[in-house]
Amino acid sequence: MSVEADARHISADPRILKTTLIQDQFHIMALINENYLKLKAGYLFPEIGRRVSAFCQANPDAKVIRLGIGDVTEPLPPAIIEAMHKAVDEMGSRDTFRGYGPEQGYDFLRNAIAENDYKSRGCEIAADEIFVSDGSKCDTGNILDIFGLNNRVAVQDPVYPVYVDTNVMVGRTGAANDAGRYEGLTYLPCTAENEFNPDLPKEKVDMIYLCYPNNPTGAVASRETLTKWVDYARSEGAIILFDAAYEAFITDPEIPHSIYEIPGADEVAIEFRSFSKNAGFTGTRCAFTVVPKKVVGTTADGQKQAIHPLWNRRHTTKFNGVSYIIQRGAEAVYSPAGKEQTASLIKFYLENASILRNGLESVGFEVYGGVNAPYIWLKTPNGMPSWDFFDQLLNKAHLVGTPGSGFGASGEGYFRLSAFNSRANVEEAVVRIKTLFGRLIA
Ligand code: PL4
């Protein structure tokens with residue numbers, strides 16, 4: 001008998017025996033991660049892309065305006081381009097060439113972030129608590145590597161789908177029900193009735209994703225709201241995963257830009273930030289995650305364990321750093337010229353949001369968001385299902401948006417429009433909306 005076969009026969013664990021028998025039956029094929037089979041349909045954004053491509057193929061003359069996926073349209077600001085050009089030149093000379101950089105990011109960028117995003121707002125975040133990465137999408141998914149599977153996780157509903165899908169992938173959930181909600185997750189409904197700010201969970205949860213300014217609803221969290229969450233996390237031993245990808249769009253001076261503006265948050269919160277939307281890096285890729293050294297979890301036997309070294313270990317083992325050229329570009333976001341130029345980019349997109357909001361309101365839509373966020377969240381007419389509204393808008397006005405149900409069950413009956421587009425396209429979109437809908441409310 002071979003060593004492998006022998007090992008199979010001596011296993012006392014019936015699950016192992018079952019597994020090996022199945023492997024025998026299928027000629028010892030590699031087993032898959034079956035959690036992926038629990039995922040409902042495709043990932044939202046490729047699904048929108050698929051439907052739009054099919055429409056464009058069938059209607060090649062249609063001038064489709066895309067307000068669906070939140071992707072920037074305006075070029076990188078000149079200060080950033082200049083810094084990147086300089087960095088390219090450095091890479092072309094033996095004296096200044098760089099190979100692998102520190103996985104956590106170059107000090108020049110980590111220091112600039114600590115100084116400008118945190119110290120300037122009174123938050124004591126040290127440069128070595130900042131981990132530079134190639135995107136918040138990856139970071140919000142990858143962070144799950146360092147947490148136990150038995151944690152109870154709460155998500156806002158509707159929500160950026162990455163949080164839910166990555167929890168399904170790692171095996172923290174059961175199957176989805178007909179509404180698309182996965183067994184094992186705690187959903188926190190965000191609707192017009194609660195002004196898109198959910199109540200605290202009724203059951204104890206261990207990890208909570210919060211996204212402010214919110215994708216998709218455009219809601220923001222006041223100091224009071226954030227304090228409520230920080231207090232909850234501190235009293236329940238929970239950790240908040242705070243996604244602030246749209247922080248730069250906050251216009252209300254009373255709204256905190258970072259969760260660390262709340263006392264005690266640096267003991268319970270991890271914050272995700274991105275250069276994608278403030279500086280136009282969606283195609284260039286640069287972001288960062290803040291893991292304060294004071295944030296702790298526990299081992300199964302109750303020992304306290306800091307999260308920072310775990311994330312440092314994960315990041316340095318599975319990631320090889322963002323390109324030097326890109327990090328120099330990100331550093332330039334904090335230069336005087338970079339600050340001015342990125343501020344005018346944000347102003348431009350917020351003006352787009354205002355044009356969309358006004359246009360929709362003028363024909364009677366109930367509209368939210370778009371003031372401290374680049375997303376408009378509207379109620380579909382007469383409670384129309386959100387994918388039906390998507391089809392109607394695409395077929396009759398050649399406009400693409402994102403169906404609210406794609407963000408979660410509580411998003412049904414809502415629809416998201418993105419303000420990331422050229423001014424001409426946004427104005428044309430409003431004309432088409434007015435033509436298609438006339439006045440909804442007489
Ligand atoms: C489509 C709350 C957009 N293919 O660019 P990153 O990775 O630094 O940031 C991604 C991200 C992180 N956190 C929040 C976000 O909303 C996003 C980007 N979301 C959208 O339309 O909702 C782009 C989506 C992209 C994706 O799958 O992320």
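Residues take their numbers from the sequence shown, with the count starting at 1. Counting convention: from 1, in listed order, for ligands and their atoms alike.
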Does a donor on one side chain sit under 3.5 Å from an acceptor on the other, for Asn425 and Lys63? yes
Which of parallel (below 30°), tilted (30 to 60°) and perpendicular (above 60°) describes Phe45 and Tyr160? tilted
With heavy-atom distances below 4.0 Å as the criterion, list the atoms of ligand 1 near Tyr163. 2 (C)
Heavy-atom nearest neighbour in the protein, as seen from atom 4 (N) of ligand 1, with distance rounded to 0.1 Å: Lys137 NZ, 3.9 Å
Atom indices of ligand 1, in the order listed, that fall short of 4.0 Å to a heavy atom of Ser274: 6 (P), 8 (O)
Just jot down the ligand 1 atoms closer than 4.0 angstrom to any heavy atom of Gly135, in number order. 7 (O), 8 (O)
For atom 3 (C) of ligand 1, which of Lys277, Arg273, Arg416 has the closest heavy atom? Lys277
Can you say whether the rings of Phe275 and Phe281 are parallel (under 30°), tilted (30 to 60°) or perpendicular (over 60°)? tilted
Does ligand 1 have a heavy atom under 4.0 Å from the side chain of Tyr375, from its backbone, from both, or from neither? side chain
Which of these, Phe45, Tyr246, Phe281, has its nearest heavy atom closest to atom 19 (N) of ligand 1? Tyr246
For atom 5 (O) of ligand 1, closest protein heavy-atom neighbour: Ser276 OG, 2.6 Å
Heavy-atom nearest neighbour in the protein, as seen from atom 23 (C) of ligand 1, with distance rounded to 0.1 Å: Gly70 O, 3.7 Å
Could you tell me whether Lys86 atom NZ has more than 12 heavy atoms of other residues or ligands within 6.0 Å of it? no
Report the nearest protein non-hydrogen atom to atom 7 (O) of ligand 1: residue, atom name, distance rounded to 0.1 Å. Arg285 NH2, 2.8 Å
Do we get Arg432 above Phe437's six-membered ring, with its NZ or CZ under 6.0 Å from the centre and within 45° of the axis? no
Looking only at protein heavy atoms, which one is nearest to atom 1 (C) of ligand 1, and how far off is it? Ile69 CG2, 3.6 Å
Side chain, backbone, both or neither: the part of Phe420 lying under 4.0 Å from ligand 1 by heavy atom: neither
Min side-chain heavy-atom separation Met84-Arg328 under 4.5 Å: no
Donor-acceptor pairs are to be reported for all side-chain atoms of residues 289-298 against protein atoms at under 3.5 Å, with residues two or more places apart or in another chain.
| from | atom 1 | to | atom 2 | distance (Å) |
| --- | --- | --- | --- | --- |
| Thr289 | OG1 | Asp139 | OD2 | 2.7 |
| Lys293 | NZ | Asp128 | OD1 | 2.9 |
| Lys293 | NZ | Asp128 | OD2 | 2.6 |
| Lys294 | NZ | Asp266 | OD2 | 3.0 |

So with a 6.0 Å cut-off around CD of Glu340, is the heavy-atom count from everything else above 12? no
Residue Glu195 excluded, over 12 heavy atoms near CD under 6.0 Å: no
protein heavy-atom neighbour closest to atom 27 (O) of ligand 1 works out as Tyr43 OH, 2.6 Å
At less than 4.0 angstrom from any non-hydrogen atom of Cys211, what atoms of ligand 1 do you find? 2 (C)
Heavy atom of Asp243, distance to ligand 1 below 4.0 Å: yes
Would you say the side chains of Asn372 and Thr251 form a donor-acceptor pair under 3.5 Å? yes
Among all protein non-hydrogen atoms, which one is nearest to atom 12 (C) of ligand 1, and what is the separation to 0.1 Å? Tyr160 CE2, 3.4 Å
